[in-house]
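Every chain is numbered from 1, with letters handed out A, B, ... down the list of sequences.
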2 protein chains.
Amino acid sequence: MVVYELSDDEVDRLFRALADRTRRDIVRRTLLGEVTVSQLAGSYDMSFAAVQKHIAVLEGAGLITKHPHGRERRVRGNPETIRLAQNLLDQFEQVWRARMDRLDDLLSDDQLSNETP
Amino acid sequence: MVVYELSDDEVDRLFRALADRTRRDIVRRTLLGEVTVSQLAGSYDMSFAAVQKHIAVLEGAGLITKHPHGRERRVRGNPETIRLAQNLLDQFEQVWRARMDRLDDLLSDDQLSNETP
DNA sequence: TTAATATACAACCTAATGGTTGTATATGAA
DNA sequence: TTCATATACAACCATTAGGTTGTATATTAA
């Protein structure tokens with residue numbers, strides 16, 4: 001499976017998009033099923049335009065897509081991009097795990113040198 | 001294993017902290033092994049104070065900790081918090097997967113109603 | 001055709017972010 | 001003790017983010 005290499009800018013946008021509770025909620029709702037912009041706007045205690053901006057940020061990060069249906073736009077969550085974010089975090093974990101492995105190796109070496117003086 | 005419930009503010013801070021390439025690099029380096037504030041500051045093309053601020057943001061998000069050693073502060077990455085972020089993304093994935101499961105169930109029901117007319 | 005609805009988008013405001021420089025303080029080395 | 005190093009932190013500045021209101025444009029319903 002080929003996984004896209006995200007640029008620093010894209011990664012910035014991805015995590016930035018997730019760093020807002022309203023946007024995280026929109027992602028959850030749109031992963032659960034398609035909703036229109038109006039339905040989303042009606043769910044939050046802020047103006048229609050404010051919700052529109054959040055939707056634009058999420059779209060820019062690739063976390064959602066909009067699909068025209070007559071005069072309305074249906075918003076759909078994109079699980080692929082969530083996966084990309086998970087991969088990024090996995091890479092951090094691997095860095096740490098690699099370090100732990102090196103420490104384990106050092107310990108084994110010590111044991112060896114004790115066993116063969 | 002008990003996993004801490006993060007507040008919305010904490011989640012905001014966590015993803016916000018990850019939404020900057022310099023900070024992500026600091027996290028990587030400090031997961032690889034302890035480094036001092038000076039060492040970090042020397043690695044980026046910006047002022048000491050700017051790097052200090054990035055370190056403060058990461059500390060506020062729980063992604064790193066500082067440990068005094070004489071006059072220097074050693075910075076250490078915190079894999080626990082990476083794990084918390086992973087859990088959050090997993091929750092998004094589960095929302096989507098739950099939806100897929102429901103769709104599968106619907107399909108099965110259709111098949112059944114075809115089989116028993 | 002006219003009215004209502006769904007969306008888009010510009011202009012504006014305030015607060016937060018990411019950077020700067022300058023100054024203060026603690027610790028270690030000579 | 002004196003000097004150099006490591007860190008902290010305040011004050012400032014430009015840009016971005018998150019909100020607002022107001023206006024324009026499609027599309028559907030009457």
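Between B:His67 atom NE2 and D:dT7 atom P there is a gap of 14 Å when expressed in whole angstrom units. Summarising the geometry, the separation between CD on B:Glu72 and C1' on D:dA4 is reported as 14 Å, rounded to the nearest angstrom. Atom NZ of B:Lys66 is separated from atom C1' of D:dA6 by 11 Å (rounded to the nearest Å). Atom-to-atom, CD1 of A:Ile55 to C1' of C:dA8 comes out at 12 Å; the value is rounded to the nearest Å. The interatomic distance linking B:Glu34 (CD) with D:dA6 (C1') rounds to 16 Å, in whole Å.
For the OP1/OP2 pair of C:dA6 and a distance below 4.0 Å, the side-chain nitrogens and oxygens of A:Arg74 include no atom meeting the criterion. Checking the phosphate oxygens (OP1, OP2) of D:dA4, no side-chain nitrogen or oxygen of B:Arg71 falls inside 4.0 Å.
Side-chain contact check for B:Gln52 versus B:Val37: some heavy-atom pair is nearer than 4.5 Å. Two residues are said to be in side-chain contact when any heavy atoms from C-beta on lie closer than 4.5 Å; B:Val11 and A:Arg21 fail this criterion.
When atom types are taken as modelled, the side chain of A:Arg74 and the backbone of A:His67 share no donor-acceptor pair closer than 3.5 angstrom. Remark: side-chain polar atoms of B:Arg76 are not paired, donor with acceptor, to backbone N or O of B:Leu31 under 3.5 angstrom.
Judged by distance alone, the side chains of A:Asp25 and A:Thr22 never bring a donor and an acceptor atom under 3.5 Å apart. A donor atom on one side chain and an acceptor atom on the other are not found under 3.5 Å apart for B:Gln94 and B:Arg97.
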Within the 4.0 Å limit for protein heavy atoms, which parts of nucleotides 10-25 of chain D are touched? Write it as a string from 5' to 3', B for base, S for sugar-phosphate only, - for none. -B-----SBBBB----
